[in-house]
Amino acid sequence: MTALPAAVRIREVGPRDGFQNEPETIPTEDKIRLIDGLMRTGLRRIEVTSFVRPDVIPQLSDADQVLRGIDIPEDVEVSVLIPNARGLERALLLRDRFDDIGVFLSASDTHNRKNVNRSTDESLAGLEQVIATANAAGLHVEAVIATSFGCPYEGEVALDRVLEIAQRLAAAGAPEIAFGDTTGMANPLQVRDVFTRAREALPGVELTAHFHNTRGQGLANVLAALEAGCESFESSFGELGGCPVPAGATGNIATEDLVSMLHEMGVQTGVDLDQLLECARDVREVLGRPLGSHTLVAGPIDWQRG
Ligand code: ZN
């Protein structure tokens, strides 16, 4: 049994990954209240919105208002997802409201074309420019490689290809690389292999795991990543989220489930689980439907009760 890290970092992505995948648009004031709540749970990193084209993703067309409206504590790093140079230009008008940007592409050409209408190589070239601009503006850059563990259209994605893309993004100035299991195809043995190889290939780079629970394997994949030395995770309160393509690519792992499991294993997160569950109940009420999160349904484990 490999020793687990004493503590890990969690970036909450529900306000972006989650809200963009809801069929209806959540009112801006609800988003602001939910994000303000999340920022007071002990979560130190939160992705709050995305500067995508409002006609493409109307659910996030209020990016500016959300960024302006939230009340950001000193110790919270706010990040925004940036699809391209135009999106970064818009975000930079509010430069004092965030610390990090996330940029993304898919390791498989077909998924990348369906998602952003470009080849992976074309995306890479564009992102190198975006990363340079972001670095010049003093922003921390996280580069997310979607379909790192498999593509719903192409099947297997060669790990050599994923690592090559990661190395190019790191060389372009991204100190953090996230490996996305965008449509829930990863299994724990594969995850162990990917993070072991990634640590060798990307010394000094922060490696982040972004797992979806599409087929119920999200937390098993977290344990495999932990055992391979990964100390940074992304998750979504309520198990919100998904991917625009293909349909049915549901939920990120739930932040409550992640925090509960990590705390039970003695891995610290800095998050107050009860406060986080308050936020998850709040978003369940706003959406008016049951959510995928298990801990939200069962409640936290109470060892005192017996
Ligand atoms: Zn996701």
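Excluded from the calculations below are hydrogen atoms, water molecules and symmetry mates; all remaining heavy atoms, backbone and side chain alike, are included. As the structure is a computational prediction, the values presented were derived from the model and not from experiment. Both counts, for ligands and for their atoms, begin at 1 and track the order of listing.
Coordination check, Asn252 versus the Zn ion (ligand 1): passed, since an N/O/S atom of the residue sits under 2.8 Å.
The cationic group of Lys31 does not satisfy the cation-pi geometry with Phe19, failing either the under 6.0 Å distance to the six-membered ring centre or the 45° limit from the ring axis.
Restricting Asp17 to its N, O or S atoms, the one at the least distance from the Zn ion (ligand 1) is OD2. Its N, O or S atom nearest to the Zn ion (ligand 1) is what matters here, and for His212 that atom is NE2.
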What donor-acceptor contacts under 3.5 angstrom involve side-chain atoms of residues 78-93, with partners at least two apart or in another chain?
residue : atom : partner : partner atom : Å
Asn84   : OD1  : Arg86   : N            : 3.3
Asn84   : OD1  : Gly87   : N            : 2.8
Arg90   : NH1  : Val52   : O            : 3.0

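When ring centroids are compared, Phe211 and Phe179 stay outside the 6.0 Å threshold.
Using a 4.5 Å cut-off on side-chain heavy atoms (C-beta onward), Arg9 and Glu176 make no contact.
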